[in-house]
Every structure is written in structure tokens, then in C-alpha cells.
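Notes follow once the structure below has been shown.
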Protein chains: 2
Amino acid sequence: MPDRSYHHGHLRAALLDQAERTLREQGIEGLSLRDLARQTGVSHAAPRRHFPDRQALLDALAEVGFLRLGDALAAVLDEAGEDYEKRLRAVATGYVRFATENAALLDLMFATKNTGPSDAVRAASARLFTSVGELIAEGQQAGVLPPGDLERLRLLLVATLQGIAALVTSGRARPEQTGPLIADAAGLFLRR
Amino acid sequence: MPDRSYHHGHLRAALLDQAERTLREQGIEGLSLRDLARQTGVSHAAPRRHFPDRQALLDALAEVGFLRLGDALAAVLDEAGEDYEKRLRAVATGYVRFATENAALLDLMFATKNTGPSDAVRAASARLFTSVGELIAEGQQAGVLPPGDLERLRLLLVATLQGIAALVTSGRARPEQTGPLIADAAGLFLRR
DNA sequence: ACCTGAACACCGTTCAAGT
DNA sequence: ACCTGAACACCGTTCAAGT
């Protein structure tokens, strides 16, 4: 018998936690509001207070995903030291690793929606992309990245990393090819 | 009152046709086997003869998608003339255009599945990627693309184009940025 | 404020039966 | 071979009602 008072103020977080687990294990198709409520020990209508519909849950998960990815990249940069090429390769590796280890989450984060991303998701992704932009600016100032429009180069880098992850998770590239692909991509940007 | 005999031998094609329309209008979430049967004028269990479950329908759509994309790129190459840089840019533009105009279809084609792509989907995508590989080989022989492993460069090109499309369709890049992004990507590969 | 229980209109899937 | 109709176990969503 679940302690109902536990969820006072924590139900939203509990649901999101469980949703992340289910997403990892079952993929996005296996994510059901009713199932989530069941596993969290509340009635099937309880999640509605926090997530008005299924899309609201997916948006919340996408937002969490962008925050987590941002944290992961910040951690990777912390350990990467001073050498710029090493920093760029570390971020590229970290991005693709996160994307392939959280494939269903990445699908959510970059899902095609008629309406475009919600405001919260847009804000979370903007923060991530801004930090990638700072890394790009760093490289341009150091003269090891091609000059030109910062935003375009930033988008192209993210696109390349996202595309590599998509090929791997969709089974179009073998996992062992991930490393070489990232190396080749970094080489293109670093004009090697 | 639908003419039932019409579907003798054509139901599969009729279902796929309707599914393509629905996919374009409603996205992948709006694709239901029961709805499809209704719109095609057969009972809800009839599609089962051709598509044992929903995933079989999605796989068939993905296969159609890879064939269509292959046709589109072949047509684009036909019109592109002899100049190699023009040919590469034409393919890049054609790929991203197809991907953004058929966003839901592309989602299906590159969907993350536990099992990996079905044999039919794998074959259809392999054919497409082979033709991209031939274009890469052409460029390497002409000396306008970086030398090195053909498969790696081919995967990297597809990844870049796929990533650009993903950023646009997910609302992370504005549609007007598509052209510049493709130009920048081509510039990287062509060492401009 | 937060949660419950019943209700509604959908699904995918299965299967015996019809032609 | 190909399709139908009924049945089962699920969904998301809504809403009046409880504490």
C-alpha cells in the first residue's frame, strides 16, 4: 500500500524518474501515462495535474534530456584540459556517446512536431547550443576552426554529431565505426 | 459502397498509398491500422494479410522511403551535369529537401529500433548508400574530396545531411538556414 | 491542491468463420 | 487466398466527486 503523502509535491519528479527508466528500457512507444501512474502507485488520472497530456510528458522528458546533455558536455570539457583540439574531440565524443546511450531520449529531443518545440524545450536546447557556440568561438579565435558565421558553424557541428548518432542508433553504421566517424568529422572541422 | 473486388491483389498497395498520405498529413503518431482499413474500405482485420502488425507497415513505409529518396537523388544527378562540385551540391540539396519535405517518413526510415532495420529496409537503404558511395568515389578520383576510407567518408556525408535535416525539421534551425548549412557542409568536404 | 473512479472513444491483436 | 465480425486487453482523455 503506497504512502500517498509521499507524493505531495514529489509526484511530478517521481513520474519523470520512472518515465526516464521506461524510456530507456522500452523506448518511446512503450511509454504510457497509465502504465506510468500504475508503476508510481497513483491512479491513472493523477499525472494529469502535472502533465495535461502525453505530449506534455514527452516535452518534459526532452527538456530533462537537454539539461542532462549539457551537464555531460560541461563535465567532459572540465576533464579535457587546455588543448583545443582535444577539447573539441572530447565534446564530439561526449555528444555522440550520450546520444547513442540515450537513443530514445534523443529521438524525443529532436522529434519532428507540427508545432515546433515547446518554450521550455526550446530554452533548454538553446542553453546547450549556446555552450557549443562558445566552444566554436574559442576555436575560431585560436585560428584552428574555419572563420565565418558562428551560428552556421555551430549548427553544422551539432548537425554532424546528431547525424552520426542517428546513423549508429538506426543501425546504418556499426558501433565500432563511431570512433572513426567522430575522428573524421573533427578532422574536417579542424582542416586536418 | 466500396467495390471489394477492386482490392484483389491491390489492397497492399492501396494501404501503402493511404498510409503515405496519412503520414504526410498526420505524422507517424496519427498512423493507425484501423483507420487505414477504414479509409481504404476494408474491415479492420484485412490489413493483417499484408502487414502482420503495425511495425510491418512502418517497415514497408521505410522501404518505400529509401526507394523514393534514391529515385529523387538519381533524378537530381541526371540534371546536375558534369561539374563534380555541382553534382555533390545537387545531391546534398536534394537529400535535405526530400528529408524536410517528408519529415515523418525520414523519422521512420531512421527510427531507433531494438532489433535494427528489417532485411527489406536494410536492403533498400544499402542501395541508396551505395549510390552515395559511388558519388564519393567519383570525387576522390577527381581529387576534390579528401582521400581515405570510402565507407567512412560516405557515412560522414550522409550523417551530415541527415543531421542538417534533423535540425531543420525539429525546429532547431530555421528553414532559411538550410541553404547556407548545405553550402557550408559541401565546403567542408570540398576543402574550400 | 491533489487525487480517485467511472466513463467514452479509440487502439493493436487474435481467431473462428465466411466466400 | 482474402476478408469479416466479435472479442480481449489495452490506450488517452474527460469529469464529477472526494479529502
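Numbers restart at 1 for each chain; the letters A, B, ... are given by sequence-line order, proteins then strands.
In this structure, D:dC11 forms no base pair with any nucleotide, since neither Watson-Crick nor G-U wobble geometry is met with both distances under 3.5 Å. With a 3.5 Å ceiling on both atom-pair distances, the Watson-Crick or G-U wobble partner of C:dA16 is D:dT4.
Both tests hold for A:Arg172 against B:Phe110: distance to the six-membered ring centre under 6.0 Å, angle to the ring axis within 45°.
Between A:Ala45 and A:Asp35, the one whose closest nucleotide on DNA chain D sits nearer the 5' end is A:Asp35.
Residue contacts shown for A:Arg54 are limited to sugar-phosphate atoms, with no base heavy atom under 4.0 Å away. Contacts of B:Ser43 with the nucleic acid, taken as non-hydrogen atoms under 4.0 Å apart, include base atoms.
Minimum heavy-atom separation, B:Pro146 to B:Gln140: O-NE2, 3.0 Å.
Grouping the Ile, Leu, Val, Met, Phe, Trp and Tyr side chains by contacts below 4.5 angstrom, directly or via other members, places B:Leu16 with B:Met109.
Across the protein-nucleic acid pair, B:Ile28 atom CD1 and C:dC11 atom P stand 16 Å apart, rounded to whole Å. The separation between A:Arg48 atom CZ and C:dA6 atom C1' is 15 Å, rounded to whole Å. In this structure, A:His44 atom NE2 and D:dA9 atom P are separated by 18 Å, rounded to whole Å. Distance B:Leu31 CG to C:dC10 C1': 15 Å, rounded to the nearest Å. Taking atom CG on A:Leu58 and atom P on D:dC11, their separation rounds to 15 Å, with Å as the unit. Spacing between atom CD of A:Gln55 and atom P of D:dC11 amounts to 18 Å, rounded to whole angstrom units. Following rounding to the nearest Å, B:Arg49 (CZ) and C:dA17 (C1') show an atom-to-atom distance of 12 Å. Whole-Å rounding puts the A:Arg38 CZ to C:dC3 C1' distance at 17 Å.
OP1 and OP2 of C:dC10 both lie 4.0 Å or more from every side-chain N or O belonging to B:Ser32. In this structure, A:His50 reaches the C:dC3 phosphate: one of its side-chain N or O atoms is under 4.0 Å from OP1 or OP2.
By the 4.0 Å N-to-carboxylate-O rule, B:Glu20 lies too far from B:Arg24 to be salt-bridged with it.
The number of heavy-atom neighbours closer than 6.0 Å to CZ of B:Arg54, taken from other residues, nucleotides and ligands shown, is above 12.
Considering only side-chain atoms of A:Arg34, the nucleotide from C:dA7, D:dA7, D:dT4 that sits closest is C:dA7.
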